[in-house]
Amino acid sequence: MKTSAYPLVTDLPVAIVGAGPVGLTTALALAYYEIPFVIFEADVALSTETKAGTTLSRTLEIWHRFGASSEILKRAMRVDEIGDIERATNKVRNTVKLHVLKDETLFPFVINLPQYDMEPALDECLSRIRDDSIQYRHRVTSFAQNADGVTLEIETPEGMKIFEASYLLACDGGRSTIRDHLGVRVEGRSLPERFSLVDLKVDLDVTNPRDFPYLAYFSDAKEWMILVRQPECWRFLFPVFDENKEYTADDLRQKAIHFIGDVKNVEVLGTNLYNIYHRVASKWRHGRVVLLGDAAHLITPMWALGLNTGILDANSIAWRVAWVLRGWADDTLFDSFEREQKPVAEQGSGEMAEAARAYMASRSAGVTAMSDHGWGNAYTRTLLGVRLGLDADGDWSMVKPYAEPPAVMLGDRAPDGVVYDSDGRPTRLHGLFGKSFVALYFTDVRRRPDIPENDLPWLKHYAVSRWDAPRDSPVRNRSLFDPGNLITQRYGCAANTMVLVRPDDHIAAMTPMAPGAAEAAYRAALSISHREAVPA
Ligand SMILES: Cc1cc2nc3c(=O)[nH]c(=O)nc-3n(C[C@H](O)[C@H](O)[C@H](O)COP(=O)(O)OP(=O)(O)OC[C@H]3O[C@@H](n4cnc5c(N)ncnc54)[C@H](O)[C@@H]3O)c2cc1C
């Protein structure tokens, strides 16, 4: 792994506990920021369990930034349509067409890839950076922290080991030892039903042609079903209501067959029967210890909200760790991680999970997460609508019930899109974000606006204009040409507005352009990134 280009305030690495998808993504993200880390994994290898199967556009964007999207995509099935079918009548309802997002994201599709294939893909990317990142058979049993670091006690085949870390990122899943050790309560509710998942090896393309979309939600008041075309099998997910019954693999197979009709040559590859929760840890940050992923929240996996919400945590924590360890911010920045990601899980994903359950059970009245608008449904269901409620309304909803893209709001994920740099190269906005905060100035570069130089590593400045900056203009090297004003219209802000985008792509401030405005907004975003603190 490359050593940090910036001096760090400590030589101690960050300890990541757990090599699930959230731990692996967090590690890739820390590597992107050149922050040293070690992953401790209790198991002998990555998980082979039948768990998550669908990954959304927002997660693909995050993996792309941290260097993992190609490795993932080459193993996955891409899906440009989320089927929405009424089971009783086979009537197609609000099928979600994802290509409508082609101007908004590099990934106008979602993918199907079982978690047991996804984790090795992430691991493959990690091993290109460093081949000993994961310490298997290392179970963290307890820890103690002081002002300088965290001391972990680790059970290994060679006996107990002690490890000194700067911070401990707990990605140790729903039964988190770290969370228990902290005595943190998990609040929320468990659902009465269980979900059953069956992977069938069956040919629904040629031998038994069915023409189902690769990801199809069959709603039904009694027994809904989700059908997922995985690279090597078809996955069926449906609720089971008999809480005491021990369902055999054959029972689950029969049910799956009942959904698709009589088919030839069927083999059960795997099954899983699991309880469903909406539970969130009451506190996520404890000094040098931070909970993320399933350790912090257990969310109904329907509409792919479980793992994908955890990846949002990884994206949110990584730049904060970098800023704190580089001495660019004090560690209150971790408080704002909790202040932001907890409502994202509780309210943002929570609202979606409730909507998913109601919609699948054909109780669609009042379900705002699905509307008649194709664009809004696609933006919502890909988690591109994820929003931090940083402004006065404190609205954390990820649902975008609009027919057309609305103007961006504080806390939104900044939309991606193509502009052209001063050498004429097409440049994606998201390619500019990540390593630093970025101030975008929506302005007319003919008027020689005052745009600060790009001489600080933590804050970069770019003018966005439909006018090409004159060659003798002092801002030409930091101007982005926006033919047709398309990006400017997508952002929808008034002329001469400065939009400050954080390294995790979220909008930290939108203010009229003025000398020092970006620096002031940057400082405000770092010191207290919650709603009272952001200037109106
Ligand atoms: C059947 C099923 C289907 C699902 N489908 C979807 C879906 O389609 N889409 C979606 O988004 N989500 C889905 N989910 C949810 C998804 O699987 C989880 O959200 C995801 O695995 C959470 O990742 P994680 O890295 O936080 O935790 P985990 O995947 O649980 O990983 C935690 C890791 O920590 C290790 N560990 C635990 N304790 C210690 C310790 N003390 N020391 C060291 N290591 C430790 C564990 O061995 C494990 O490897 C599904 C879940 C299930 C069960």
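Atom set for the values below is all heavy atoms of this structure, side chains included, hydrogens, waters and symmetry mates excluded. Ligands are counted one by one from 1 in listed order, and the atoms in each one are counted from 1 as well.
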*Decide yes or no for Tyr116 and Ser47: does some side-chain heavy atom of the first lie under 4.5 Å from some side-chain heavy atom of the second?*
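When only atoms from C-beta onward are counted, Ser47 and Tyr116 do not touch, as no gap falls below 4.5 Å.
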
*asked:* Does any part of the side chain of Ile162, heavy atoms only, come nearer than 4.5 Å to the side chain of Ile154, both counted from C-beta?
replied: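 SC-SC contact between Ile154 and Ile162 ruled out.
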
Looking only at protein heavy atoms, which one is nearest to [atom], and what is the separation?
{"atom": "atom 42 (N) of ligand 1", "result": "Val140 N, 3.0 Å"}
{"atom": "atom 31 (O) of ligand 1", "result": "Gly20 CA, 3.5 Å"}
{"atom": "atom 14 (N) of ligand 1", "result": "Pro301 CB, 3.6 Å"}
{"atom": "atom 13 (C) of ligand 1", "result": "Ala52 CB, 3.3 Å"}
{"atom": "atom 43 (C) of ligand 1", "result": "Ala42 N, 3.3 Å"}
{"atom": "atom 37 (C) of ligand 1", "result": "Asp172 O, 3.3 Å"}
{"atom": "atom 1 (C) of ligand 1", "result": "Tyr274 CE2, 2.9 Å"}
{"atom": "atom 48 (C) of ligand 1", "result": "Glu41 OE1, 3.5 Å"}

_Side chains of Ser349 and Thr309: any donor to acceptor distance under 3.5 Å?_
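Result is yes, a qualifying pair exists.
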
For ligand 1, indicate whether the residue [X] contacts it via side chain, backbone, both or neither (heavy-atom separation under 4.0 Å).
{"X": "Asn308", "answer": "both"}
{"X": "Thr177", "answer": "side chain"}
{"X": "Asp294", "answer": "both"}

Would one find more than 12 heavy atoms of other residues, nucleotides or ligands at under 6.0 Å from atom [atom1] of [X]?
{"X": "Lys435", "atom1": "NZ", "result": "yes"}
{"X": "Glu246", "atom1": "CD", "result": "no"}
{"X": "Arg185", "atom1": "CZ", "result": "no"}

*Could Lys400 and Asp412 be called an ion pair, given the rule that one side-chain N must be under 4.0 Å from one carboxylate O?*
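A salt bridge links Lys400 with Asp412.
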
_So that I can tick it off, tell me whether Asp117 and Arg75 are bridged by a salt bridge, with the cut-off set at under 4.0 angstrom between side-chain N and carboxylate O._
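Between Asp117 and Arg75 there is no salt bridge, as every charged N stays at least 4.0 Å from the carboxylate O atoms.
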
Cationic tip of [X] within the cone over [Y]'s six-membered ring, i.e. under 6.0 Å and within 45° of the normal?
{"X": "Arg339", "Y": "Phe334", "value": "no"}
{"X": "Arg93", "Y": "Tyr217", "value": "no"}
{"X": "Arg87", "Y": "Phe218", "value": "no"}

Hey, does [X] sit under 4.0 Å from ligand 1 if you only count heavy atoms?
{"X": "Pro21", "answer": "yes"}
{"X": "Cys171", "answer": "yes"}
{"X": "Leu24", "answer": "no"}
{"X": "His138", "answer": "yes"}

Run the numbers for me: atoms of ligand 1, each under 4.0 Å from some heavy atom of [X], listed by number.
{"X": "Gly293", "answer": "26 (O)"}
{"X": "Gly306", "answer": "10 (C), 11 (O), 12 (N), 19 (O)"}
{"X": "Thr54", "answer": "8 (O), 9 (N)"}
{"X": "Thr50", "answer": "1 (C)"}
{"X": "Val22", "answer": "23 (O), 24 (P), 25 (O), 26 (O)"}
{"X": "Leu197", "answer": "1 (C), 3 (C)"}
{"X": "Val17", "answer": "40 (C), 42 (N), 43 (C)"}
{"X": "Arg139", "answer": "41 (N), 42 (N)"}

*Between Trp224 and Phe195, is the gap from one ring center to the other below 6.0 Å?*
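Aromatic pair counts; centres sit under 6.0 Å.
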
_Suppose we call two aromatic rings close when their centres sit under 6.0 Å apart. Are Phe163 and Phe40 close by that rule?_
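They qualify: ring centres under 6.0 Å apart.
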
*Going from OG1 on Thr177 to CZ on Arg139, what distance comes out if it is rounded to the nearest 0.5 angstrom?*
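Going from the OG1 atom of Thr177 to the CZ atom of Arg139 covers 6.0 Å.
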
*Return the option from Ala304, Gly270, Gly173 holding the heavy atom at the smallest distance from atom 27 (O) of ligand 1.*
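Considering heavy atoms of Ala304, Gly270, Gly173, the nearest to atom 27 (O) of ligand 1 sits in Gly173.
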
*Using heavy-atom distances, let me know which of Gln115, Lys51, Glu119 sits nearest atom 20 (C) of ligand 1.*
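Considering heavy atoms of Gln115, Lys51, Glu119, the nearest to atom 20 (C) of ligand 1 sits in Gln115.
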
*Please determine if Gly174 has a nitrogen or oxygen closer than 3.5 Å to a nitrogen or oxygen of ligand 1.*
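Between Gly174 and ligand 1 (N or O atoms, distance only) the closest approach is not under 3.5 Å.
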
_Taking every non-hydrogen atom, the tightest pair across Ser397 and Glu351_ =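 Residues Ser397 and Glu351, closest heavy atoms: OG-OE1, 2.8 Å.
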
